[in-house]
There are 2 protein chains.
Amino acid sequence: MRPSAITTPSAPAHPTRQVIIETARTLLRRFGEEKLTVVDIARALGMSHANVYRFFKTKAEILDAIIEQWLEKVEAFVDGIARRPGSAAQRLEAVVLELHRKRRQKLLEDAEVYATFQRLFELRPDAAARHRQKLLNVFHRLLAEGLASGEFTAVDCREAATVLKDATTAFLHPLMISATGVEETESRARNVVRYIVAGFSSPPPRANRRDSVRHLAGRRTASRPA
Amino acid sequence: MRPSAITTPSAPAHPTRQVIIETARTLLRRFGEEKLTVVDIARALGMSHANVYRFFKTKAEILDAIIEQWLEKVEAFVDGIARRPGSAAQRLEAVVLELHRKRRQKLLEDAEVYATFQRLFELRPDAAARHRQKLLNVFHRLLAEGLASGEFTAVDCREAATVLKDATTAFLHPLMISATGVEETESRARNVVRYIVAGFSSPPPRANRRDSVRHLAGRRTASRPA
DNA sequence: CACCTGACATATTTTGCAACTTGTTATTCA
DNA sequence: TGAATAACAAGTTGCAAAATATGTCAGGTG
């Protein structure tokens with residue numbers, strides 16, 4: 001099994017590839033990942049399983065492709081939110097809340113499928129890492145926009161994006177969604193974002209937040225000042 | 001299996017009970033939880049397994065007792081940090097950082113045992129919940145102290161404690177420790193705490209943080225003002 | 001009577017073999 | 001010659017029988 005091989009976007013994507021992916025995804029949703037066999041995929045398509053191997057080197061490559069397409073959908077969803085009109089703070093909050101809500105919803109309405117995808121991601125940790133990086137980029141972009149528009153002041157975008165990502169992990173990470181308890185998750189997520197973002201925007205007296213942090217005697221991580 | 005039964009502190013704790021617990025813990029560390037049998041525990045103690053059942057109704061009760069004692073140790077550790085001299089902010093940061101460091105260390109130096117305890121907690125989710133509640137209480141207490149001493153202003157202790165707990169989940173929750181990546185975790189944890197605590201202490205102009213939050217048009221959760 | 005055990009009923013787990021899966025290759029088909 | 005397959009080796013999984021585990025109880029021992 002190749003370690004990663006993040007889908008080659010250079011691949012011309014033979015139409016049969018896409019058909020195989022879709023069939024595999026259907027079977028995956030219906031029967032779960034441990035009942036998904038290459039033989040079954042081939043049978044559902046009326047071809048020999050050997051033929052599937054003309055389009056995918058390994059079964060893992062099929063799973064990679066499914067994950068890849070699913071991640072692209074999620075990322076489009078997040079980008080859509082990030083591009084809305086409104087303040088950067090509003091959009092940061094919306095990204096976190098709506099992604100959280102969507103994941104919770106998925107978990108509640110079809111725990112089986114949710115668990116399937118969760119296990120799938122455990123098998124391909126690099127895909128998950130890449131996904132988290134994308135989310136980090138969205139945070140970073142929104143922070144940079146807020147800074148550019150004057151909405152935020154004295155923010156180290158890179159550092160702050162990491163803080164946001166880490167602090168919202170409880171509400172966004174697939175492993176946590178099922179463990180975060182059922183109560184009030186949306187308002188708790190909102191509060192986390194607001195408590196953090198509040199520090200970015202303190203409007204008139206600009207030095208306060210940094211001073212109040214300073215007194216903790218800090219070397220912060222990547223201290224390239226904004 | 002009883003749903004919870006949080007150790008009865010009223011129990012006189014027969015000395016044999018403690019011996020059984022310790023033997024069980026040793027076997028657990030050595031062989032993992034799936035190889036831990038009541039028969040083995042009894043054999044290691046030179047008694048019949050039936051005799052073990054005179055002291056514990058079920059095997060689950062033994063596991064409960066082990067978890068219980070382990071949690072007490074962790075809670076004492078946390079309490080010790082919380083009671084140190086120093087500002088509330090420093091102690092909040094120390095609690096998060098040192099608990100995080102301790103967990104990571106455990107994971108790194110003995111992943112097997114760590115995984116064992118992790119699985120144990122999945123079997124007893126109520127114990128984990130109780131533990132998280134304790135940590136929440138520590139946060140709450142430290143915030144209240146900071147408020148009382150004038151170090152913090154305009155903080156809703158209950159709400160803020162929840163925010164802190166949720167935001168540090170990535171660094172404290174056992175399920176996350178192994179997933180949070182290996183890079184810079186300590187400084188990232190520190191930043192999360194600082195970004196949040198910074199909002200509590202903005203010293204001279206007192207209304208700022210709240211105003212900057214207000215403009216996001218917010219109903220917060222439990223809005224009992226500080 | 002307090003302390004413990006052997007023997008037992010009822011799960012749960014291991015075991016070993018048959019069936020199935022993955023991935024390759026030599027061959028067929030049009 | 002390109003597209004597909006049947007047949008196969010190597011590894012993995014499912015399954016029923018055998019072994020072990022949990023929890024109970026009537027009864028033995030000092």
For the pair B:D64 and B:K57, evaluate salt bridge (charged side-chain N to carboxylate O under 4.0 Å, His left out) and give the outcome as yes or no after the intermediate values.
CA-CA 12 Å; B:D64 272 348; B:K57 277 207 231 316; over 6 Å; no
Residues from residues 19-47 of chain B sitting under 4.0 Å of DNA chain C, heavy atoms only?
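B:K35, B:M47, in order of number.
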Is there a side-chain contact between B:L99 and B:T168, using heavy atoms and a 4.5 Å cut-off?
no
Selection from [options] that lies nearest to any side-chain heavy atom of [X]:
X     : options               : value
A:K59 : C:dT22, D:dT24, D:dA4 : C:dT22
A:N51 : D:dA4, C:dT24, D:dG23 : D:dA4
A:R54 : C:dC4, D:dA3, D:dT24  : D:dA3
A:F55 : D:dA4, D:dT5, C:dC4   : D:dA4

Is the count of non-hydrogen atoms from other residues, nucleotides or ligands lying under 6.0 Å from B:E112 atom CD greater than 12?
no
Atom CZ of A:R119 with >12 non-hydrogen neighbours under 6.0 angstrom:
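Check passes, neighbour count above 12.
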Which word best sums up how the rings of A:W70 and A:F117 line up, parallel for under 30°, tilted for 30 to 60°, or perpendicular for over 60°?
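Correct class here is tilted.
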[X] [atom1] to [N] [atom2]: how many Å, rounded?
X     : N      : atom1 : atom2 : result
B:K57 : D:dC25 : NZ    : P     : 13 Å
A:H49 : C:dT21 : NE2   : C1'   : 8 Å
B:Y53 : D:dA26 : OH    : C1'   : 18 Å
A:H14 : D:dG2  : NE2   : P     : 13 Å

I'd like to know if A:E68 pairs up with A:R130 as an ion pair, taking the criterion as any Lys NZ or Arg NE/NH1/NH2 lying under 4.0 Å from an Asp or Glu carboxylate oxygen.
yes
Thinking salt bridges, do A:R84 and A:E98 make one under a 4.0 Å N-O criterion?
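Yes, A:R84 and A:E98 are salt-bridged.
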Taking B:G86's backbone N and O only, do any of them form a donor-acceptor pair with B:R91's side chain (distance below 3.5 Å, no angle check)?
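Here the side-chain-to-backbone pair exists.
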Could you tell me which residues satisfy side-chain hydrogen bond (donor to acceptor under 3.5 Å, both in side chains) with A:Q105, sequence neighbours excluded, listed by chain and number?
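None.
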Between the first and last five pairs of the helix from C:dC1-D:dG30 to C:dA30-D:dT1, the angle of the axes, rounded to 10 degrees:
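The end axes of the helix from C:dC1-D:dG30 to C:dA30-D:dT1 are about 0° apart, to the nearest 10°.
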